[in-house]
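Taking it in order: structure first as C-alpha cells, then the write-up.
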There are 6 protein chains.
Amino acid sequence: MALITKKAKDSFIVMNELVLPNDTNTLNNLMGGRLLHWMDIAAAISAQKHCNRIVVTASVDNVSFQHAIKLGDVVTIEAKVSRAFNTSIEVRLNVWAENIPSGSRIKSNEAYYTFVAVDQSGRTIPVPEMQPETEEEQKLYDGALRRRQLRLILGGKMKPHDATELKALFFPEKDQ
Amino acid sequence: MALITKKAKDSFIVMNELVLPNDTNTLNNLMGGRLLHWMDIAAAISAQKHCNRIVVTASVDNVSFQHAIKLGDVVTIEAKVSRAFNTSIEVRLNVWAENIPSGSRIKSNEAYYTFVAVDQSGRTIPVPEMQPETEEEQKLYDGALRRRQLRLILGGKMKPHDATELKALFFPEKDQ
Amino acid sequence: MALITKKAKDSFIVMNELVLPNDTNTLNNLMGGRLLHWMDIAAAISAQKHCNRIVVTASVDNVSFQHAIKLGDVVTIEAKVSRAFNTSIEVRLNVWAENIPSGSRIKSNEAYYTFVAVDQSGRTIPVPEMQPETEEEQKLYDGALRRRQLRLILGGKMKPHDATELKALFFPEKDQ
Amino acid sequence: MALITKKAKDSFIVMNELVLPNDTNTLNNLMGGRLLHWMDIAAAISAQKHCNRIVVTASVDNVSFQHAIKLGDVVTIEAKVSRAFNTSIEVRLNVWAENIPSGSRIKSNEAYYTFVAVDQSGRTIPVPEMQPETEEEQKLYDGALRRRQLRLILGGKMKPHDATELKALFFPEKDQ
Amino acid sequence: MALITKKAKDSFIVMNELVLPNDTNTLNNLMGGRLLHWMDIAAAISAQKHCNRIVVTASVDNVSFQHAIKLGDVVTIEAKVSRAFNTSIEVRLNVWAENIPSGSRIKSNEAYYTFVAVDQSGRTIPVPEMQPETEEEQKLYDGALRRRQLRLILGGKMKPHDATELKALFFPEKDQ
Amino acid sequence: MALITKKAKDSFIVMNELVLPNDTNTLNNLMGGRLLHWMDIAAAISAQKHCNRIVVTASVDNVSFQHAIKLGDVVTIEAKVSRAFNTSIEVRLNVWAENIPSGSRIKSNEAYYTFVAVDQSGRTIPVPEMQPETEEEQKLYDGALRRRQLRLILGGKMKPHDATELKALFFPEKDQ
C-alpha cells in the first residue's frame, strides 16, 4: 500500500513551556539538558503527526546555546518535518525565549532531530514522503541530504570521500 | 594569576540512573530527550570539576541513539574533559545501558558537550588547560580541534575554507 | 499613563503536552487534576501576554471532563484572553486530545480561568482593555459579564438579585 | 445486589502537602494549577473510599483563589463526600494554608469535585448512596442538587428554565 | 523566655499519597526510597508544628519494609511528636497502605525520624518540651531515651557500656 | 544449581546527583528524605548487580544527617554489597557532598540498606554469597551479623537474649 505524501504544515506544532525552578541551575538559568528534553518531546509529536505512528529518537544534530534563558521565561518551540527518508523523519525546530513582563523575545536555538517510525513490537517501518510547498520548506528539504551525510560520517557509517553533498557545502571551490 | 593545568582524571565522573516509568514512551523505551538531559547534568558536573566554577552548556554535538533502552535498565554515564580552550571546556561522554537481570550491557552513546565557565553575574571567565596523559586522552584532545571547527561552521561563525583541521578529515589525501 | 488596548490574538498561545505515565491513573487515563494544572500554566502565559505583567490565578470556572484521555495521547491547549476588567483578565481555553497513531482527535474541554496582574510585591495593578475583533471574540467578550456575575455570586460577593446579566441567561423570557 | 449506604465520615480524608520550589511562580507563591492538581488527588481518594471503585474526575466546580500561599507553607486539604447520585459522587473540599513558623493559618478554598465510578474497562457503574448525619452534612447534601443543576446548565445539558432548585437559590423572591 | 510545653496532639498530622507510576519499580511496587521521602516530609511538618520553627532532619531510625505496596494504593502516614530533647524532636510515624477497591488495608511501617530546629541562618535552637497525655504517648515518650542512646552508639557518640537504658531493654536479666 | 559467589567489587557503583531547587527546603538545604530516596536507588542498583535479579528494599538502618548539603552541591553516593545472607543482601553506602566552586568536600553519611531478591511474581529467591577480598571488606562483612541481629530485634523477630553477636558489642568485657 502506497503511503500518502504529507505536507510540512501537516506536522507543524507549537509547544510553550514556563521555566520553573527545577529547570534551572544556581544562576536561575534554564539548563541546556532540560531544553533538549522539551525539544525532543516537541519534535516527537511533530514526527508522529507526519507518519501517524509511534516514533523513537534516532539522533539530534549539533545544538548550540547562545543566550541564557531565565526562570519565569516562556520557551516557545516550533517543530515541523523538513524531510522524510525511507524509514526516518527529520524535524526542524525553532526555539524562542520570551520574558513577557519585559517584552524581550529572542531566537534561542535552531535544531534538527531525526526519528524512525516503529510498529508495536519496535520494528522500523516506512514513512510517507514530505512534499515541500514554500521556498523556505524547499530549502530545508534540500539541506536535509547534507545533514544526513554529516550524521552518517559522524556515526562512522559513511566515508567522508563519499559525502558529495557535504563537500559541496564545505568546500565549494574544490567541487565545482 | 595563572590557572593550574588539570588532568583528564581530575574531571572524571560516573552517574548511574534507573529508567523509571516517566522516562519512557508508550513502548516502555527511554526517551532520547531524557537521556540528553541526564548527559547534560553529568557533563556539567565534570566541567565544574575541571574549572571549579559554575558552568553553562554552550553546545551539544551530534548524538545518535542506536539501541532501545528499556524501563528498569540502568544507564551509566561516564564523563571527563577532553580539552579546554580559552573559556570553553569540551566534555566527552560514554553511555552504557545495562539490563542487570539478563546480564546484557551495551554501549549506547558517545557524545561531546561543551560548556563555558561563568562568574556569579554570568560573565564568561578563563578556564585551566587540560593536559592529556594517556594515548586515548591525547587522541580525544587532538580531535577536539576538528570538532570545534565543525561547531563554528555549523554555528555560522567560521568559513569552511578556514577549517584546516576539518578539511584534513574530509580530504585526507589532499591535505597531508 | 493610559494602557494600550490589546487584541485577543495578542494573547493567543498553544501548548502541546504528551501524556506520560505519571500523569495517569491505574486505567492509564490522564488525571483531571493534571489537566487542570496544564490549563493553568497555558492560561497564565496567555494572561501575561495580554498585560506584560506577572499574573496570579484568581479563579477557574466550572470544568467538566467528558472523555477519557489516554497515555501517549497529545493534549493541545489553546488559550486567549476573552475579556479584561479593571484588574482582572478572563482567559478562554479550548482543549483537544489527539491519539496520533489512530488519527482520532476530540474536543476535550472548554474552560475559563481568571487572573489578576500584580507588581513585584504582589499588589494588584490595572490591566489593558481587550478589544474583540471577530464575531466569535465578541460573543466570548459579551458572555464574560455573565460569567463574572456568576463568580461573584458563587464567591458570596454579589447578591443574585443584582446579577442582571445572569438573570437574562436564566430567565430570558422575563428579561427581554 | 443493593449497595450499602455510606456515611460522610466513611470518605473523610486529610492530605498535607509542603509547598516546594517547583510548585511556585516567580513570586514564590503556589500556582493555582498545582493546588487544583492536589485537590483532585485528595478528592479522588475520598470518592474511592465512598464507592470502593476506581473513579475518574467528571467535573470541578468554580474555584476561587483569594490568598497567596507561600513557598514553605503547609497546605491541608480535607475532603469528604457531600452527596452521591446514581453513578456520580460529589466531594466537598476545604483547603487551608499554614505558615507554621509564623503561626498563621488561613482558609484558602472551598471546592466541589465530582467523580464517576468505573469498572476495569472504564464503564460507568452505580455507586452507594450517602446518608448525611450532622446538620452541616445535611446542608451540603441539600445544596448538591442546586450545584448539579448549575453543572448541567453550564455543560449545556439542562435548560435554565428547568433548573427549579437553582432558581430558588438565585431568585428566591420570584420562586416562592 | 520559657518555651510553652506542647502536647502530642498539637503536632499530629495525616498525609495521604496515591502511588503513581514513577513511584514504583518494574514489579509495580512502591520503592522504599520514595516512601522514606514521603515519611520525611510528613515528619518534618509534624516537628514544625511542635516547635513553630524551620526543622532539618537529624536522623531516621531503622525502618523495615515487610509488605509490597502496589501502584494505585493509597499510603496514609500519621505523624506525631513522641518526645523533645533540648534541641531535637523525635517524631513517631505510622504508615498504612490501602487498596481501596479491594478493601484491604495493612499496617506497613512504624518509624522514628528526629529533627533539630534551626533559625534562619541554620543555627540550632531550643525546642519546647512535649508532655504526653495518654498511656500510649507515655510509652512512646519513655522509649525515646532508649532509642536516643541507640542513635548515639550507632553514630559513635556514646560507648555501649554507658547506654544504661538500652541495656535494660536488650538484656534485662543482666541489668536488674 | 549452585549460585556463583560474588566479590564486593562486582556490585560497586557510583551515583552523582546535582542538588536542584525541588530537592531543598526553605533554607536551600537538601531534604533528608530526598537523600534517602537517592540512596535507595543507588543501593538497589548495587544489590541487583550482586544477584542479577529484581530486588526490593527490605530495610534501611539508622541514618544520621550531620551536615547541611546545599543547593547546587554534587552528592556522590558509593554503594557496594557488604554481605549476603540466604535471600537478603546488605549494601553499604558512603555519601559525600561536594561544593565544587569552593572546593569543599565532606563525608555526609554512611548507611546500610538491605534488599531481598524476588522473581517476576514477587517471591523471594536465594542470592549468591559475597566473598570479601580486602581487609575493609572483611570488617564490613563481619559487622553484618551484628547489624542483622539488631534489625531482627528492632523488628520483633529475635529475642535480645539470642543476639550473641550484638551482646559482644554491648558487653565486650563479658563476652571475650
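Protein chains get the first letters and strands the later ones, always in sequence-line order, with residue 1 at the start of each.
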Checklist outcome for this item: Turns out that what part of E:V118 lies under 4.5 Å from chain F's heavy atoms comes down to side chain
Checklist entry - Is the shortest heavy-atom distance from the side chain of E:R83 to the side chain of E:L140 under 4.5 Å? => result no
Checklist entry - For chain E, which residues of residues 90-112 of chain F have at least one non-hydrogen atom nearer than 4.5 Å to it? => result none
Checklist entry - chain E heavy atoms under 4.5 Å from F:I54: which part of the residue, side chain, backbone, both or neither? => result side chain
Item to check | Intermediate values then yes/no, side chain to side chain donor-acceptor pair (under 3.5 Å), E:T87 and E:T124 | outcome: CA-CA 7 Å; E:T87 60; E:T124 307; 5.5 Å; no
Item to check | Most contacts with chain E, counted as non-hydrogen pairs under 4.5 angstrom, among F:I41, F:V60, F:V116, F:L36 | outcome: F:V60
Checklist entry - Taking every heavy-atom pair that is under 4.5 Å apart, which of F:D61, F:V56, F:N62 has the most such pairs with chain E? => result F:N62
Item to check | Donor-acceptor contact below 3.5 Å, side chain F:K6 vs main chain F:K49 | outcome: yes
Next on the checklist: I'd like to check F:K80 versus F:K9 (side-chain heavy atoms, cut-off strictly below 4.5 Å). Are they in contact?
Outcome noted: no
Checklist entry - Distance from F:Q120 atom CD to F:R53 atom CZ, nearest 0.5 Å? => result 9.0 Å
Next on the checklist: Applying side chain to side chain donor-acceptor pair (under 3.5 Å) to F:N52 and F:Q48, what does each step give before you reach the verdict?
Outcome noted: CA-CA 5 Å; F:N52 292 99; F:Q48 272 201 356; over 6 Å; no
Next on the checklist: Taking every non-hydrogen pair under 4.5 Å, which of E:F65, E:F115, E:Y113 racks up the most with chain F?
Outcome noted: E:F65
Checklist entry - Is the shortest heavy-atom distance from the side chain of F:L154 to the side chain of F:R151 under 4.5 Å? => result no
Item to check | Within residues 14-35 of chain E, residues adjacent to chain F where the heavy-atom gap is under 4.5 Å | outcome: E:N25, E:T26, E:L27, E:M31, E:G32, E:G33, E:R34
Checklist entry - Backbone N or O of F:E133 within a donor-acceptor pair of the F:E137 side chain at under 3.5 Å? => result yes
Item to check | Test item: side-chain donor near acceptor, E:T114 and E:S88, under 3.5 Å | outcome: no
Next on the checklist: Determine whether a donor-acceptor pair (N or O, by modelled atom type, separation under 3.5 Å) exists between the side chain of E:H50 and the backbone of E:I89.
Outcome noted: no
Checklist entry - Going through the distances and angles, do F:Q66 and E:S59 end up as a side chain to side chain contact (heavy atoms under 4.5 Å, CB included)? => result CA-CA 8 Å; F:Q66 288 164 44; E:S59 71; over 6 Å; no
Next on the checklist: Quick check against the 3.5 Å criterion: does F:S46 have a side-chain atom that pairs as donor or acceptor with the backbone of F:S11?
Outcome noted: yes
